[in-house]
Structure formats: C-alpha cells, structure tokens
A.B. asks: 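Before anything else, here's the structure in question.
All values derive from a computational prediction rather than experimental measurement. Just so you know, ligand 1 is whichever comes first in the structure, and atom 1 is the first atom listed for that ligand. Worth knowing before you read on, the calculation uses all heavy atoms, side chains too, and leaves out hydrogens, waters and symmetry mates. Each residue takes its place number in the sequence, starting with 1.
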Amino acid sequence: MPRTAEILIPLALDSAYSYAVPEGLSLAPGDVVQIPLGPRETVGVVWSVEAGRSGSNLRPVTGRIEAPSLSSSLRELVDWLARYTLAPKGSALAMALRLPDEGARVETVRVGVRSSGKPPARPTSARSKVLEVAADGTMRGKSALAKEAGVSLSVVDGLIDDGALEAVALAPEPVALPPDSDHPRVPLSEAQAEAAKDLIAKLNPPSSVGEGAPPTILLEGVTGSGKTEVYFEAVADCVRRGRQSLILMPEIALTAQFLDRFADRFGVRPATWHSGIGAKRRERLRAGVAAGEVDVVVGARSALFLPFAKLGLIVVDEEHEAAYKQEDGVHYHARDMAVVRGRLEGCGVVLASATPSIETRVNAEQGRYRHIVLPERFGGRRLPQIEAIDMRLDKPERGTFLAPGLVASVREAVAAGEQALLFLNRRGYAPLTLCRACGHRYQCKQCSTWLVEHRFRRALVCHQCGYAERRPESCSACGTFDNLTPCGPGVERIAEEVAGLFPDARVIVLSSDFPGGAERLRAELQTVAEGGCDIVIGTQLVAKGHNFPHLTLVGVLDADIGLTSGDPRAAERTFQLLQQVTGRAGRGDKPGRALIQTFQPEHPVIAALLSGDAERFYAEEIEARLEAGLPPFGRLAALIVSANDRETAEAHGQALARAAEPPAGIMVLGPAEAPLALIRGRYRFRLLVKTARAIDLQTYLRDWLKRAPKARGNVRVAIDVDPQSFL
Ligand code: ADP
Ligand code: ZN
C-alpha cells in the first residue's frame, strides 16, 4: 500500500508538503526526516501519514533522522502558535526544532584507561609510575592518570599502544543530575508553607470530582516575600510525581545566584537552556528532555519549545516581564504560550510576580486563573518606605543630577556601612550630544535615534543598530573646535558625579553593555550581593530578580522617563519597574528606604508607589483599560510596514489601509510613521488594529491580508498580535 506523508519544513512556508513514504520505512507523525527540496536535501517533521495517492509522482522521503520526535502536544503548540501569531507554520516549527549544527551531532565518547595486566614491552621509570597508579584497577581518564603519575600524556599513550593499558569507553556524563526533592532545606515560614500547600493542592485537582485539568495560577507576592521558595515546593512535588518541570525566566535573571538557590533546595544545579549554551550541550539536553531523563529545566523563553516527554508543571517567573515577548521572527509572548502549552499537556502553570501584568491580574480576578497571594516579606522584613523628591523644589546644582536630599541620604547610608543603589534606565554617558556653536545634534545615519555618548569607549553609539563613531573633537557640521556638549545623563555620567561627591566610596556601574561580557557582569553582581561595594549605579539590569542583602537605600534618578511615551502600557511598565527597583532595598536585616526624583509627584503612578498602595494602582489602571477598550478588554494587533525608502513604505501602508474594510467592532488606525521611523536604514510605518474582545482578530487579519496587495520588492510587513512595543 503506497503511503503519503505531509511534511512541515522549518522555513517560512505556511503549509506542509506531500512526500511519498518509501517501502519499508516506518514513519509516524512527529518524526524528524530528511527530504529533498528543490535541488538540495533538507529537514522536516512528519505532520501526518495517509494511505493512498498511488501512482502519484511525489518525491520520496530520504529517511529518518536521529532526533527526538515531536509529541502530539508539541505539534499542536506549533499549530496554535502559527494560528495565533499569523506566522508561517514552518517558522513556528523552527522554534521547536532548533536543529543542531552539523558538527555537534558527532557523539564524543569519553574514554577511560585501566591496567590490562600485561607487562609493558619496554619498562621505563615513567612507565612504571603509571602502572603503579593504575594497579588499583580504577578506571581513569587519560590525562587524570598522567597527572596522578606525574608523567606526560605521551607515556600513557605509549602504554596503550603497548597493550599494558586498555582504553574503555565510559558512559557519557548525564546532562543533568537528578534533583532531590527531599534534600534538607531551610524551613518555610508559616505563610510560605500555607501558600505552598495551597499551590500544590490546586495543581493536583482531585480527578474524582471531575474538576478537570490543572489550572493556571497567579502566585503574587511582594518583592522579598519568598515566592521562589514557594514554587520550588510545587517543583519538588512534580519531581516526586515523576513528571518534568520547566521554570521560565527572563534571560537576564538566569543568574548563578538563582542556580545556587535551586541547588540549596534540590542538592544539584538544574539543567539550563538559554542563548549562551553550546550546540553540543543543546542537543544532549534536548535528547535528555525528550527521553524524560531531565527532571527540571530552567530556561529563557525558547525553552518553552523543548520536547518534554512528561511535562507536569510550568513556572513563569516574573511573568510581567516584557522580555517574554519575542519582537522579531515569530512575534509570540512566552507567558501566553506557556499557558497554551500547559493546557495542551494537561499540566498546571504558575505565573509568579510581585507586580503582575494587568492581563494576568484581570484573568485572576475574573476566575480564569486561580490566585495565591503572599502579602508579606519573608522574615517580617518590611517593604521599603518610599518618598518623593520633588525636583521643582529640591533642585540639583546646575549640570548635576542628584538632588541635595538624595546626596544626603546616600552619605548617611555609606557612613553607616550600608549599600546604596542609584537607578537610571539609561546606558552610556549622555543620551544626546550637541554643538554649542551651531546646535548640530549627532544622529545615527541609518536610524532615527540620537547617538549616545559612551565616554568609557570614547564613542558615540546608536542603541538601535550598534553603529559607533569616535566622538569628534570639532563639530562635524560647523567645524567649531571643542564645543560639543553632552545633554542629559546616562549611568556613566552619574558615576562621574558620584565619584566627585564620594571620592572614597567603592562604586560599581552596571548595565547590559558592561565591558567584559556576561561572565564579568555575573561576578560584579556577586560582589554587590556580598557587600563588596558601597554605591551601585545601574540600569534596569540591576532592578530585577537580584537579592542584595546589604542594600538599604534606593535612589531613582528620573522616575518620569517612562511616563511620557505614548505607549498604552507606559503607566503599567513604569509602575512595575519602579516597584521592582525600590523593592531591592531592605531585603537583608536592616529596613530599606527609597527616594524617587520626580517632577510630578502627583501623577497617579508615582502617587500609588508613594502610598505603597498597589491595589489602588491596579484598580485605576484596570478601569482605564476597560474604558479605553484596551487589552485585556479589547484586542490589539500591529502591522509594521518597512522599506528601503520612505515613500514606498508609506504607499504600501496606505494600500493596506484601503484594503482593510473593517466591519463593525474593528478599528484600523494608520498608517502612521513609527516613533522609530528609521531602523538600520529601513523606513517604518505602523497600522494598529483594535477590536472588541469577542472578535476573532486572527480571522479578520488573515482575510484582510489575503485581499490586500502583496508586499513586493524590499517591502516587508511584520504582524505583531498583542504588541508590547509601539515603537
Ligand atoms: P521574591 O521572589 O518573592 O522577591 P525571594 O524568593 O527571592 O522573594 O526571597 C527573598 C529572600 O528571602 C531571599 O534572600 C531568600 O533566600 C529569603 N528567603 C525566602 N524564604 C526563605 C526561607 N523560608 N528561609 C530562609 N530564607 C528565605
Ligand atoms: Zn542606528
């Protein structure tokens, strides 16, 4: 009986292709196969196999590839992802496939040597030393043996050639050691124990009462309440049940500190998955996950597409983080897809946050998600007291950025041997450079952005595309010598001010472009945690997830930065960020304090922070979203049109708008020039689709794009459902 396989290829193609299944090859949906595509061979995944289509002239499948099969729930996730984001199905598949490099496939075999009992042909003193060590019969690696005997590797090799030592293949090292759910641990506080019990009970609904699948649960607790310890208990329970757990984190929060906390609880560090992992390790981890041998994976958002064999729990830590949204390729939100995967796998999902997203908060309030709250900090520690510094009254001196009130408080903290954090979400020295003679402003040549001065690198840098030029000595427009002036502060400029104010203090500046890369950055974070510095100056990198026990004072240098953007999530984002930053203070034994420099202390977001009344913020923001029909009470999608010249981009945007024909309940706005009108030499226009919640946004978008003129030449249209960024 001839058979046909529908095979999905991990390229930007929307449908599967038909191939003939050769006689004798057994194929099942999910199998990874090699197939001919045009003149070359490529890789695909079997989506279905049917009998029939005899006599067709389909090309045959070349063969199966040794790679973990995609389970039916993972294939459903791919279908779901493509349907929801409107990405080509093949692009969605690519997320789940992530094939290793060719080189990585070669299995490296670890070899051990031991004595064979035969005497060497040519005994020398070096050789005797080796054989003496090997005489105990233990298997050792070659270099370990050479080292122990104090000889060179060639002596060991010679003995192997001689037959006096035999080489034996060792079992490969396991990709991750099994976590011990009953590892001795610090006791939980009463509130934590209560929450953990509640969490585990909710994640294991009694099937007898027919309560159905495990739910999605919002685990909400103020910063420092010990949410991590609580969800670790759910992970431990999952391990005991013999199922796998996935803990998703924003990539930057995947720190040694977190891995050590995991080790404190489970006796071993977990397997990790992020962009920095080598290809070889990646493939072994995928295989281990697919074989059900890896119990817990801690990973960045792409870990969501790993081929788990028996997934029992997904935790999304810091669920409100914008970093969970992928902003290129397939525009997906890992938190939302985690909920989808949980449903498809029949496993529970825990969303943890001190400052949940409005979407998740509403889902919890409306009963779609369950809700567990940890209202207090662990160990009776109090939340920091937050005060505003009104910049209209307490003015910094000309050319400086720290208000006298803040300077005095930092001085106090440092004198008391405590740590202070100065937070400014701007990398570099100054966000704008201009010529005092002619007013010329330095702009990126291929983006509509100002070049940011980085004094340490002596360069002007574009934060959008990475373009950098040497900071010139004279103005490139009018030629005036030595008359360029920095406008506004970045963290480097604050560091300069702080060095002048506190010449004896130990200061560390931390931002994502920290020289020396991720390793050094981790080391610096560790230094801060251990109290090895007095003043930390940092961007949002230090705001999140870290535990700095010596930190008692947080100064926010410009609380108003985020409030001025036209982004519908500006208020939410600012509230979350400032709540997180101020929450760094007072996590150790001493109480914390936060000072917020602002020109508008009466702004609702600032007022909510000052009063410590998060509920008030959520109530007002949810009300505002409801009134404006914004998510989660309405749906949004953005179409971003880009082209090599402005006219073409705008013209295509207008052609799309003309074809929109929105029915009642759907609004199409634009095209409007994007706030970032030019990126890497591409001009950008945006259209925004706004619908009521009940409307099937994806079907409308699909029909519209079918009617609309196709993007030709260098025109691109990116579709962003549930946009997080409006730039
Ligand atoms: P959150 O994630 O809610 O901000 P964490 O889980 O990071 O809070 O915990 C805050 C701090 O309290 C951490 O330093 C953690 O080690 C400590 N902590 C939490 N629970 C316990 C516990 N049961 N025993 C000892 N220390 C704890
Ligand atoms: Zn640029």
Side-chain angles (χ1 to χ4, degrees), residues 183-197 199 218-236 247 249-250 253 255 257-265 315-321 350-356 372-384 428 431 442-452 454 459-469 525 528-531 543-551 576 579-590 592 614 676-684 727:
H183 186 75
R185 53 152 310 143
V186 293
L188 295 178
S189 72
E190 209 170 302
Q192 285 174 323
E194 188 78 19
K197 207 172 129 214
L199 187 61
L218 167 59
L219 175 61
E220 181 174 356
V222 295
T223 53
S225 57
K227 293 180 290 296
T228 315
E229 305 297 329
V230 172
Y231 73 64
F232 275 174
E233 292 315 297
V235 171
I247 302 174
M249 311 197 92
T255 55
Q257 204 179 27
F258 179 83
L259 302 180
D260 288 342
R261 271 180 83 180
F262 187 94
D264 285 344
R265 173 61 188 85
V315 176
V316 184
D317 202 355
E318 311 285 358
E319 69 86 29
H320 61 278
E321 269 297 317
V350 175
L351 308 178
S353 177
T355 51
I372 295 177
V373 180
L374 279 165
E376 270 161 24
R377 279 196 158 178
F378 171 76
R381 282 165 200 149
R382 273 178 306 150
L383 281 169
Y442 282 80
Q443 193 174 351
C444 179
K445 289 182 177 60
Q446 44 181 357
C447 305
S448 48
T449 52
W450 304 123
L451 292 178
V452 178
H454 283 244
L460 300 177
V461 180
C462 171
H463 282 184
Q464 205 57 45
C465 72
Y467 164 83
E469 62 184 49
L525 287 166
V528 177
E530 286 163 0
K544 297 167 182 179
H546 306 293
N547 210 5
F548 301 137
H550 303 274
L551 189 70
Q576 286 163 340
Q579 185 91 319
Q580 295 281 339
V581 183
T582 54
R584 292 312 104 195
R587 290 163 75 99
D589 299 329
K590 295 196 183 138
L676 273 172
L678 179 64
I679 299 184
R680 292 173 201 273
R682 300 204 31 104
Y683 291 81
R684 305 165 75 243
L727 293 177

A.B. asks: Please give me the minimum heavy-atom distance between Gln464 and Arg680, naming the atom from each residue.
C.D. replies: O-NH2, 3.5 Å
A.B. asks: Could you list which atoms of ligand 1 come closer than 4.0 Å to a heavy atom of Thr223?
C.D. replies: 4 (O)
A.B. asks: At under 4.0 Å between heavy atoms, which part of Arg377 makes contact with ligand 1: side chain, backbone, both or neither?
C.D. replies: neither
A.B. asks: Below 4.0 angstrom, N of the basic side chain to O of the carboxylate: do Glu376 and Arg382 qualify?
C.D. replies: no
A.B. asks: As a check for students: among Glu220, Gln257, Arg261, Arg185, identify the option with a heavy atom nearest to atom 6 (O) of ligand 1.
C.D. replies: Arg261
A.B. asks: Can you sort out which atoms of ligand 1 are near Asn547, meaning under 4.0 Å from one of its heavy atoms?
C.D. replies: 11 (C), 13 (C), 14 (O)
A.B. asks: Evaluate whether atom CD of Glu194 has more than 12 neighbouring non-hydrogen atoms of other residues, nucleotides or ligands under 6.0 angstrom away.
C.D. replies: no
A.B. asks: Among Lys227, Glu220, His320, exactly one meets side chain to side chain donor-acceptor pair (under 3.5 Å) together with Ser353. Which residue is that?
C.D. replies: His320
A.B. asks: Decide, counting backbone as well as side-chain atoms, whether His463 has an N, O or S atom less than 2.8 Å from the Zn ion (ligand 2).
C.D. replies: no
A.B. asks: Please give me the minimum heavy-atom distance between Leu374 and Ala191, naming the atom from each residue.
C.D. replies: CD2-O, 3.8 Å
A.B. asks: Tell me, please: is Ser225 in heavy-atom contact with ligand 1, that is, under 4.0 Å?
C.D. replies: yes
A.B. asks: Look at atom 4 (O) of ligand 1 and find which of Ala352, Ala193, Pro549, Gly224 reaches it with the closest heavy atom.
C.D. replies: Gly224
A.B. asks: My understanding is that we take every heavy atom of each candidate and find the minimum distance to atom 21 (C) of ligand 1. Doing that for Phe548, Phe258, Phe378, which one comes out nearest?
C.D. replies: Phe378
A.B. asks: For Gly226, counting its heavy atoms only, list the atoms of ligand 1 lying under 4.0 Å from any of them.
C.D. replies: 1 (P), 3 (O), 5 (P), 6 (O), 8 (O), 9 (O), 19 (C)
A.B. asks: Can you find a side-chain donor-acceptor pair between Thr223 and Arg377 that sits under 3.5 Å?
C.D. replies: yes
A.B. asks: Could you check whether atom CD of Gln443 has more than 12 heavy atoms from other residues, nucleotides or ligands sitting under 6.0 Å from it?
C.D. replies: yes
A.B. asks: What does the angle at the Zn ion (ligand 2) come to, between atom SG of Cys444 and atom SG of Cys465, rounded to 10°?
C.D. replies: 110°
A.B. asks: Just jot down the ligand 1 atoms closer than 4.0 angstrom to any heavy atom of Pro187, in number order.
C.D. replies: 22 (C), 23 (N), 24 (N)
A.B. asks: Does Gln446 reach the main-chain N or O of Leu678 with its side chain, forming a donor-acceptor pair under 3.5 Å?
C.D. replies: no
A.B. asks: If you measure every N or O of Val186 against every N or O of ligand 1, does any of those distances drop under 3.5 Å?
C.D. replies: no
A.B. asks: Using a strict cut-off of 4.0 Å, indicate which atoms of ligand 1 neighbour a heavy atom of Val222.
C.D. replies: 3 (O)
A.B. asks: Hydrogens and angles aside, do Tyr231 and Glu233 bring a side-chain donor and acceptor to less than 3.5 Å of each other?
C.D. replies: no
